[in-house]
Q: 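Can you read through this structure? Questions will come right after.
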Number of protein chains: 2
Amino acid sequence: MPDRISRMVPALEWGRSYTRETFSSDVIAAVIVTIMLIPQSLAYALLAGLPPEAGIYASIAPIILYAIVGTSRALAVGPVAVVSLLTASAVGQVAESGTAGYAVAALTLAFLSGAFLLAMGLFRLGFLANFLSHPVIAGFITASGILIATSQLKHILGVDAQGHTLPETLASLAGHLGQVNPATVIIGVLATAFLFWVRKGLNPLLTSLGLPPALASTLTRAGPVAAVVVTTLAVALLRLDEQGVRIVGEVPQGLPPFTLPGLSPDLISALLVPAILISIIGFVESISVAQTLAAKRRQRIDPDQELIGLGAANLGAAFTGGYPVTGGFARSVVNFDAGAETPAAGAFTAIGLGIAAIALTPLVHYLPNATLAATIIVAVLSLVDVSILHKTWAYSKSDFTAVAATILLTLGLGVEIGVAAGVVISVLLHLYKTSRPHVAEVGLVPGTQHFRNILRHKVETDPAVLTLRVDESLFFVNARFLEDLVQARVAERPDLRHVVLMFSAVNAVDFSALESLEAINQRLRDQDIGLHLSEVKGPVMDRLRTSHLIGDLNGNVYLSQFDAWESLCRSDKPARAAD
Amino acid sequence: MPDRISRMVPALEWGRSYTRETFSSDVIAAVIVTIMLIPQSLAYALLAGLPPEAGIYASIAPIILYAIVGTSRALAVGPVAVVSLLTASAVGQVAESGTAGYAVAALTLAFLSGAFLLAMGLFRLGFLANFLSHPVIAGFITASGILIATSQLKHILGVDAQGHTLPETLASLAGHLGQVNPATVIIGVLATAFLFWVRKGLNPLLTSLGLPPALASTLTRAGPVAAVVVTTLAVALLRLDEQGVRIVGEVPQGLPPFTLPGLSPDLISALLVPAILISIIGFVESISVAQTLAAKRRQRIDPDQELIGLGAANLGAAFTGGYPVTGGFARSVVNFDAGAETPAAGAFTAIGLGIAAIALTPLVHYLPNATLAATIIVAVLSLVDVSILHKTWAYSKSDFTAVAATILLTLGLGVEIGVAAGVVISVLLHLYKTSRPHVAEVGLVPGTQHFRNILRHKVETDPAVLTLRVDESLFFVNARFLEDLVQARVAERPDLRHVVLMFSAVNAVDFSALESLEAINQRLRDQDIGLHLSEVKGPVMDRLRTSHLIGDLNGNVYLSQFDAWESLCRSDKPARAAD
C-alpha cells in the first residue's frame with residue numbers, strides 16, 4: 001500500500017520531487033529561523049523552570065521527527081510560551097525546580113504527551129480538539145500571556161518570587177520588593193524597552209532608510225540576538241554577575257543526550273491529566289498555524305496525521321533531554337516568510353541548533369536571565385488581546401461569558417483550572433441554548449398552503465387544533481422541554497382535539513426524544529386528543545419507523561402541513577384516523 | 001401579588017375549593033397508602049443503613065411540606081429505593097453504619113440535598129435535570145435495581161457482607177457462605193416467593209374468585225403487610241431470634257424527633273457532590289411520575305415549583321430524623337389509583353404514619369430483617385428492565401452506547417461513578433454527532449430553481465463554482481470541521497473561482513463559527529477564490545451583520561441559491577462583486 005505509506009510518512013512524497021532550488025530556499029529559511037531560535041529556546045527553558053540547554057535540545061530531535069511524519073510544509077516545532085508555562089505549572093507540583101527530579105518529570109510529561117497525541121492520531125480522535133471553542137482559546141491565550149509576563153518580572157527585578165496564579169505571583173513579588181537588584185533592573189528594563197522598540201519601530205525605520213523589506217524584516221528578527229550579545233558582553237566586561245546579576249552560567253557543550261523519562265506509576269498518575277491538557281492545547285495552537293500557512297499555498301493539512309507528527313516530536317523530546325513541544329506560531333510564520341518550501345527547512349534548522357549546542361554554549365555563560373525574561377515578556381505580550389472581550393460581547397453574550405470566565409479563572413486559579421472550566425462552561429452554554437429551542441404555533445396564511453407563526457402573521461387557525469413548529473433537532477437536552485411545552489399548551493385549551501407537531505426543522509430525534517414523543521402521545525391519548533406529525537424528513541422517518549411510535553400514534557403522519565390542515569380542520573371525516 | 005403567592009404555595013389554591021367529597025376520597029387513599037408504606041419505610045431505612053424508624057420519620061414531615069408547596073396532586077414523597085442506595089453509598093464513605101455519626105451524616109445529606117433543590121428551584125434551574133438522557137436514567141435505574149437486590153441477599157442468607165459494586169458484593173457474599181443461617185434462609189426465601197406470587201398471581205386469582213377489581217387490587221397491595229405479620233409472629237412464637245434470625249428489635253415509640261444535621265465543613269465537603277447527585281436523580285424520578293399522573297387528569301406540573309417542593313421536603317427530613325426523600329413511583333401510583341384528589345391525601349398519610357410511629361412500633365420488634373429484604377428485592381426487581389438495551393440498539397447505536405456504559409459502570413464501579421459517566425458519555429456522543437454535520441455539494445435541478453445533492457440527483461454544476469449546503473447550526477464543535485472540509489474540497493479543484501455556502505439549514509452561528517467563516521474567507525481570498533453565502537436566515541443574518549464578516553466578505557450574500565447561481569455561473573459580469 002504505497003499510498004498509505006506515503007500518507008503516514010509524507011516525507012517520502014515531498015522528498016521525491018526535491019530540487020536544488022527547493023534546497024537553497026530551505027537552507028536560507030533555516031539560517032534565519034536558527035538565529036531567532038537560539039535566544040528563544042533558552043528563554044522558554046527558563047520559563048519552564050528547566051536549565052537553558054533543555055530549550056535547545058527540545059528544538060532538535062522534535063523538528064527532525066516532525067519533518068518526517070508531519071503534514072505541514074512550514075510548521076516549526078519546538079518549545080512555545082504557553083506550553084512552557086503549562087510545563088512549569090505541572091512539573092512544579094511534583095518536583096522542585098533545579099533538581100534532577102524536575103528535569104526527569106519534564107521528560108515524563110513530554111513522553112505522556114507524545115503517547116497521548118500519537119494515540120489520538122492513530123484512533124483518529126483529532127475532532128476532540130474542537131471542544132475548545134475559539135473564545136475559550138482566545139481567553140486562555142490572553143490570560144496565559146498576562147501570567148507569563150508577570151512571572152518573568154522576578155527576573156527583571158532580580159528577586160525570588162513564585163506563584164501559579166496572578167494574585168499569588170503579584171503578592172510574592174510585592175513581598176520581595178526589598179531585595180530588588182539595581183544592576184539587574186537596569187539590564188532588564190533596557191532590554192525590554194529595546195525589544196519593544198525593535199518590534200514596533202525598527203522595521204519602519206530600516207525601510208525608510210531604503211533597505212529592501214526582506215532584509216529589514218530579517219534584521220528586525222535578529223533584535224533579540226543583538227540584545228543577548230550586548231547584555232552578555234556588558235555583564236562579562238563589567239563582571240556584573242558579582243553585583244548580583246543572575247546569569248545563565250555553565251551550559252553543557254554537545255549534542256542532545258539520550259535520556260529516559262521517569263515512568264513510575266506515581267509520576268504518571270500525577271502528570272497524566274496535565275499531559276492531556278498540554279497535548280490538546282498544543283495541538284490546537286499547532287493546527288491553527290499549520291492550516292493558516294497551508295491555505296496560503298493551497299496545500300492541505302491532515303489533522304489526524306498532524307497528531308501523529310506532534311506525538312513523534314514529543315516522544316523525541318522525551319528521549320533527548322527536552323520537554324513538551326508543539327508547532328509555534330512565531331517561529332512557523334518566520335520559517336514560512338523566509339521561504340521554507342519543505343519540512344527539510346526544519347531539518348536544516350535542527351542542524352543549525354546542533355552546531356549552536358556544540359559550539360556556542362560557552363558564549364552564553366554571562367547571558368543575564370533578565371535579557372531572556374525581556375525576550376519572553378515582549379513575545380508573550382503580543383499574545384494578549386483583550387479585544388476578544390468586546391468582540392464577543394457585541395456578537396453573543398454566551399460566548400462573552402465563556403471568554404470572561406476563562407480569563408478570570410485562568411488568572412485567578414491557574415492555567416489548568418482556567419482552561420478546563422472554559423471547556424465545561426462553553427459546552428454547558430451550548431447545551432443550554434439548545435435546551436430551549438424556538439417553538440412557534442403556526443396557522444395557515446390565507447389563500448396559500450404556507451403555515452407561519454401566529455404571533456407574527458395574520459393566519460387562520462382552528463380552536464380544536466394546535467400546530468407547533470419545532471425549530472431544532474430533538475435530543476435529550478430538549479426532550480423534556482417539549483413534553484412540558486405541549487402539556488402546558490394543552491392544559492390552557494379545553495376545546496382542543498388535535499395536536500400537530502410540524503417537523504420541518506427537525507434533523508434528528510434521539511432515543512430520549514423518541515420516549516418523550518411516546519409520553520406525549522400517551523398523555524394526549526389519556527386526554528382524548530390526537531397527536532399528529534407533519535413534514536417529517538426522510539432520515540428521521542426511517543429511524544422513527546424502527547420504533548413503536550408510528551404504529552402507536554394516536555393520529556396520523558402527514559406528508560405536508562397543508563395535508564394535516566385539510567384533513568383535521570376542513571373535513572367532516574372522523575378526526576382521529578388512527579387509534 | 002396573590003397570583004404569585006398561590007403559585008408559590010399551591011395549597012392555597014386547592015384548599016379554597018376543598019369539599020366533603022374530596023375529603024373522603026383523600027382519606028380512603030391515605031389509608032391504603034399508609035398500609036403499604038409501613039413495611040416499605042422500614043425496609044428502605046434498612047437499605048440506607050439506618051435504624052428502621054428513620055424510614056417512618058422520613059415519610060411524615062416531608063409529605064406534609066410537599067403537600068403545601070408541591071404542584072402535583074398525587075405525588076407521594078418519602079424514601080425510595082434508588083435514593084436509599086445512594087444514601088448508603090454516600091454516608092458509608094464518611095461514617096460506619098449503626099453509629100450516631102452515620103445518622104447525623106444522613107441528616108446532613110438530606111439538608112444539603114434540600115438546600116440544593118430549593119436553590120435550583122428559586123434560580124429556575126430545573127432544566128439541568130435534562131442533562132440526564134432517558135437511556136442513561138433507564139440504564140442507571142436497571143443497574144441500581146440489580147445492585148440493590150444483590151445487596152439484600154445478605155439479609156436473606158443471614159450473613160454479614162458488604163460492597164458498593166456488584167463484584168465487591170458478590171465476592172463478599174461468597175466469602176461468607178459458610179456462615180449462612182438456615183432459619184433466616186427459610187424465612188427469606190418463603191417471604192420472597194410469597195411476595196412474587198402476590199405481585200403476579202394474587203390479583204388474577206382474587207378477580208377470578210369474583211372480588212371487585214378495586215378490592216382485589218387493594219388486597220394485593222396488602223401482601224407485604226401479610227408477610228410482615230406472619231413472619232413476625234413466627235419469629236416471636238418460635239423464638240427464632242435465639243436461632244440467629246436477625247430482627248428489627250427495639251424501635252423508639254413516638255413522633256419524629258427534632259434533629260439537627262451536622263454542618264462541619266469537612267462533612268459538607270464530603271457530602272456535597274453526592275447530595276447534588278441525589279437531588280438531580282430524585283428530581284428526575286419525581287418529575288417523571290408527577291407529569292405522568294398529572295397528564296391523566298389534564299393538570300399541570302411546574303418543574304421549578306416541584307424543585308421547591310422537593311427541597312422543602314428534604315429540609316423537613318433533615319430536621320425530623322429522616323434522610324433524603326423524593327417522589328416515589330410505586331407509592332404515587334397507588335395514591336393516584338386509590339383516588340387521592342389533592343395533596344391533603346398526603347397529609348392524611350402522614351397522620352396515619354404518625355399513629356404507626358406512636359402505637360405500632362413495639363409490634364415490629366420480632367420482624368425479621370429477611371422479610372424486609374424480601375420486600376425490597378421484589379420491589380426493585382420490577383425496576384430492572386434490560387429491554388432498554390435492545391430498544392436502543394435497534395433505534396440508535398449512540399444511545400445504546402450510553403445505556404450500556406451506564407449499566408456496566410454502575411454495576412462495576414458504583415452508583416455515583418456510573419451515573420456521572422453516563423451523563424458525560426451522552427453529552428460527548430451528542431457533541432460528536434453534531435461535530436460532523438451532513439454537508440452536501442449541491443447543483444441545479446435542470447428546469448427548476450431547486451438545488452439538490454449532486455450525489456443523489458442529476459443536476460447542473462459549474463467547474464468554477466462549488467456550492468455546499470450545511471445541514472446543521474454552526475458552533476465551536478463543528479466550526480473547524482467546516483474549515484477542514486472547505487480547504488480539502490478547494491485543494492482538489494484547481495479551476496475553482498467561487499465557493500457558495502448555502503445556509504438554509506443553519507439556525508445559529510456562534511462566535512467560534514464566525515471566526516471559522518472569517519478564516520475560510522481569508523484563506524479563499526489568499527487563493528483568489530470568492531466566498532459567497534446564500535439563503536441566510538433572518539436571525540442569523542442580523543447577528544452576522546454585527547460582525548466584520550459581511551463587510552469583509554470576499555463575495556456576496558444572495559437571498560436565494562438561485563440568485564447566486566444566476567450571478568456566478570450564468571452571467572458575464574465580473575464574478576467577484578465585492579473585495
Side-chain angles (χ1 to χ4, degrees), chain A residues 127 129-136 287 291-292 294-296 298-301 303 391-392 394-396 398-399 426-427 430-433 435-436 438 471-472 475-481 483-484 487-488 490-491 494 505 507-508 510-512 514-516 519 522-524 526-527 543 546-547, chain B residues 127 129-136 287 291-292 294-296 298-301 303 391-392 394-396 398-399 426-427 430-433 435-436 438 471-472 475-481 483-484 487-488 490-491 494 505 507-508 510-512 514-516 519 522-524 526-527 543 546-547:
Chain A
F127 72 92
N130 299 340
F131 284 50
L132 280 171
S133 74
H134 294 203
V136 167
I287 195 93
Q291 259 173 341
T292 305
K296 286 185 198 276
R298 271 201 189 201
Q299 290 159 354
R300 245 211 101 192
I301 298 299
K391 276 195 223 156
T392 48
Y395 186 74
S396 144
S398 79
D399 281 308
S426 51
V427 168
H430 170 68
L431 291 178
Y432 177 67
K433 279 188 283 180
S435 77
R436 296 175 178 247
H438 181 239
D471 285 350
E472 185 82 60
F475 69 111
F476 63 97
V477 166
N478 58 30
R480 208 179 303 273
F481 169 83
E483 284 185 50
D484 290 349
Q487 193 161 339
V490 169
N507 290 315
D510 81 351
F511 191 79
S512 299
L514 173 72
E515 293 206 322
S516 282
Q522 184 55 49
R523 287 172 195 164
L524 291 178
D526 289 345
Q527 298 168 60
R543 185 155 278 195
T546 68
S547 74
Chain B
F127 73 93
N130 299 341
F131 285 49
L132 279 171
S133 74
H134 294 204
V136 168
I287 195 95
Q291 261 174 339
T292 305
K296 286 186 198 275
R298 271 202 187 200
Q299 289 160 355
R300 245 211 102 194
I301 298 299
K391 276 193 222 156
T392 49
Y395 187 74
S396 145
S398 79
D399 281 306
S426 51
V427 168
H430 170 68
L431 292 176
Y432 176 68
K433 279 189 284 180
S435 77
R436 297 176 176 245
H438 181 240
D471 284 350
E472 185 83 60
F475 70 110
F476 64 97
V477 165
N478 58 31
R480 207 178 306 271
F481 169 83
E483 284 185 50
D484 289 350
Q487 193 160 339
V490 169
N507 290 316
D510 82 350
F511 192 79
S512 298
L514 173 72
E515 293 206 323
S516 281
Q522 184 55 49
R523 287 172 195 163
L524 291 178
D526 289 345
Q527 298 169 62
R543 184 157 278 193
T546 68
S547 75

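In the text below, chain A, chain B and the rest are named by the order of the sequence lines, each starting its count at 1.
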Q: In terms of heavy-atom proximity below 4.5 Å to chain A, should Ser516(B) be classed as side chain, backbone, both, or neither?
A: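 For Ser516(B), the contact with chain A is made by backbone and side chain together.
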Q: Tell me, side chain or backbone of Phe511(B) under 4.5 Å from chain A's heavy atoms, or both, or neither?
A: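 Contact with chain A involves both backbone and side-chain atoms of Phe511(B).
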Q: Once the angle between the rings of Phe476(A) and His430(B) is folded into 0 to 90°, is it parallel (under 30°), tilted (30 to 60°) or perpendicular (over 60°)?
A: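 Aromatic pair Phe476(A)/His430(B) classed perpendicular.
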Q: Would you mind checking which part of Ala519(B) comes under 4.5 Å of any heavy atom in chain A, side chain (CB onward), backbone (N, CA, C, O), both or neither?
A: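 Answer is neither: Ala519(B) stays 4.5 Å or more from chain A.
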Q: Contact part of Asp510(B) toward chain A, heavy-atom cut-off under 4.5 Å: side chain, backbone, both or neither?
A: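 Its backbone and side chain both get close to chain A.
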Q: Return the minimal non-hydrogen interatomic distance between Ala394(B) and Thr546(A), and the atom names on each side.
A: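 Closest approach of Ala394(B) to Thr546(A), heavy atoms only: O-OG1, 3.9 Å.
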Q: Looking at every heavy atom in both Arg543(A) and Ser396(B), which two are closest together, and how far apart are they?
A: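 What the structure gives for the nearest pair is NH1-CB, 3.7 Å.
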Q: Excluding sequence neighbours, so at least two apart, what forms side chain to side chain contact (heavy atoms under 4.5 Å, CB included) with Glu472(B)?
A: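 Side chain to side chain contact (heavy atoms under 4.5 Å, CB included) check on Glu472(B) returns Thr434(B), Pro437(B), Asn478(B).
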Q: Which atoms of Asp484(A) are under 4.5 Å from chain B, going by heavy atoms: the side chain, the backbone, both sets, or neither?
A: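 Backbone plus side chain of Asp484(A), per the 4.5 Å heavy-atom cut-off to chain B.
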Q: For chain A, which candidate among Glu515(B), Lys391(B), Gln522(B), Lys433(B) shows the most heavy-atom pairs at distances under 4.5 Å?
A: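 Ranked by contacts with chain A, first place is Glu515(B).
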Q: Quick one: which of Asp526(B), Val477(B), Asp399(B) has the most heavy-atom pairs under 4.5 Å with chain A, could you say?
A: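 Result: the option with the highest number of such pairs is Asp399(B).
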Q: Which atoms of Ser435(B) are under 4.5 Å from chain A, going by heavy atoms: the side chain, the backbone, both sets, or neither?
A: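 Just the side chain, heavy atoms under 4.5 Å.
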Q: For Ile287(A), is it the side chain, the backbone, both, or neither that has a heavy atom closer than 4.5 Å to a heavy atom of chain B?
A: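 Side chain only.
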Q: Heavy-atom distance under 4.5 Å to chain B: side chain of Tyr395(A), backbone, both or neither?
A: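 For Tyr395(A), heavy atoms of backbone and side chain both lie under 4.5 Å from chain B.
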Q: Between Val136(B) and chain A, which part of the residue has a heavy atom less than 4.5 Å away: side chain, backbone, both or neither?
A: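 No part of Val136(B) comes within 4.5 Å of chain A.
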